[in-house]
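Throughout, residue positions are numbered sequentially from 1 according to the sequence presented. As a basis for the values below, the full set of heavy atoms in this structure was taken, side chains included, without hydrogen atoms, waters or symmetry mates. What you see is a predicted model; the values in this text were computed from it and never measured. Atoms within a ligand are numbered from 1 in the order they appear, just like the ligands themselves.
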Amino acid sequence: MNVISVDGLSKSYGKGTMQVDALQQVSFQINQGEFVAVVGASGSGKSTLLHLLGGLDKPSGGYVHIDGEDLYSLKEKERAVFRRRKIGFIFQSYNLIPVLNVEENIRLPLLLDHRQPDRAYIDDLIHTLGLHERRKHLPSELSGGQQQRVAIGRALAYRPAIILADEPTGNLDTANGREVIELLKLAVRQYHQTVVIITHDMNIASEADRVLHLQDGKLLSDTQGRGRDA
Ligand code: ADP
Ligand code: ADP
């Protein structure tokens, strides 16, 4: 089943001679449980696409359907609720809450949605992320890489249907980056979550089920990766 459907999606910034066509008539579908990598040169439209998939911005044309719901026909408030229920973001700006400790930050989306945390899963997550000795620490007491891992934990704790990740391993060393990818793969395999990840790392892209290659705001290619048989 298509969990994400993108049809003729376009986005322009600015006006007149200053106009930038960041995305031009992009269409594709993503099935539940797919691990999709988005690649392309800097400025090719990757972040713009990810923001539009997540309901964080308004397209200039075209549609995004998530689970059959036309994302941009929803009112702003409805879209925010929909987003919180369905989508976990792993972005470069961590957006951690400075007065909450590691564990509280990770549990926050569940609290906001009045859901009971799955304690065992969250403990496991905190261990896998190598944060167990830091669970009572505030974000300001953590390194950049640790903060990034808290943000990842927060996105995963919720087990959202869709995880959107913008260079999640960008600030991590190889070993930590490896673990983050393994966590995302686990999310796909074990919990049938759908992952869309922007990456410059060709090793990561080669492990994906699919690779969407953007060039100058257009979809240059949509290829099967070797993720399924790896
Ligand atoms: P990528 O993530 O592949 O680097 P982006 O989606 O960030 O690409 O950007 C695509 C194009 O849109 C670039 O030319 C970029 O400069 C432009 N762009 C992105 N965001 C904005 C913005 N808020 N205002 C104006 N131009 C933007
Ligand atoms: P960049 O890629 O330029 O570092 P980000 O992709 O981290 O920027 O964030 C882009 C925008 O998306 C920011 O304005 C940020 O506030 C917003 N954003 C990031 N995460 C979320 C979220 N979970 N919910 C709503 N908005 C978010």
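- By the 4.0 Å heavy-atom criterion, A41 is counted among the residues contacting ligand 1.
- Counting only heavy atoms of the protein, atom 8 (O) of ligand 1 lies nearest to G45 N, 3.1 Å.
- With ligand atoms numbered from 1 in the order given, ligand 1 contributes 10 (C), 11 (C), 12 (O) to contacts under 4.0 Å with heavy atoms of A22.
- The NE2 atom of H192 sits 13.5 Å away from the CG atom of N31 when rounded to the nearest 0.5 Å.
- Of all the heavy atoms of T48, the ones lying under 4.0 Å from any atom of ligand 1 are found in both the backbone and the side chain.
- The aromatic rings of Y121 and Y191 sit perpendicular to each other, their planes meeting at more than 60°, with 30° as the lower class boundary.
- Residue Y158 holds its OH atom at 12.0 Å from CD1 of I122, rounded to the nearest 0.5 Å.
- When hydrogens are left out, the protein atom nearest atom 7 (O) of ligand 1 is S47 CB, 3.7 Å; that is the closest non-hydrogen contact.
- The protein heavy atom nearest to atom 14 (O) of ligand 1 is V20 CG1, 3.6 Å.
- Annotation: G43 places an N or O atom under 3.5 Å from an N or O atom of ligand 1; distance criterion only.
- Enclosure of atom OH in Y63 is not indicated, since only 12 or fewer non-hydrogen atoms of other residues, nucleotides or ligands lie within 6.0 angstrom.
- The distance from the CG atom of D222 to the CD atom of Q29 is 9.5 Å, given to the nearest 0.5 Å.
- Nearest protein neighbour of atom 19 (C) of ligand 1, counting heavy atoms only, is Y13 CE1, 3.3 Å.
- Rounded to the nearest 0.5 angstrom, I197 CD1 and I90 CD1 are separated by 8.0 Å.
- With salt bridges taken as basic N to acidic carboxylate O contacts below 4.0 Å, none links R83 and E69.
- Heavy atoms of S42 approach ligand 1 to within less than 4.0 angstrom.
- The nearest protein heavy atom to atom 16 (O) of ligand 1 is not closer than 4.0 Å.
- Here the CD atom belonging to Q24 is positioned 11.0 Å from the CG atom belonging to L214, to the nearest 0.5 angstrom.
- The closest approach between any non-hydrogen atom of S44 and ligand 1 is below 4.0 Å.
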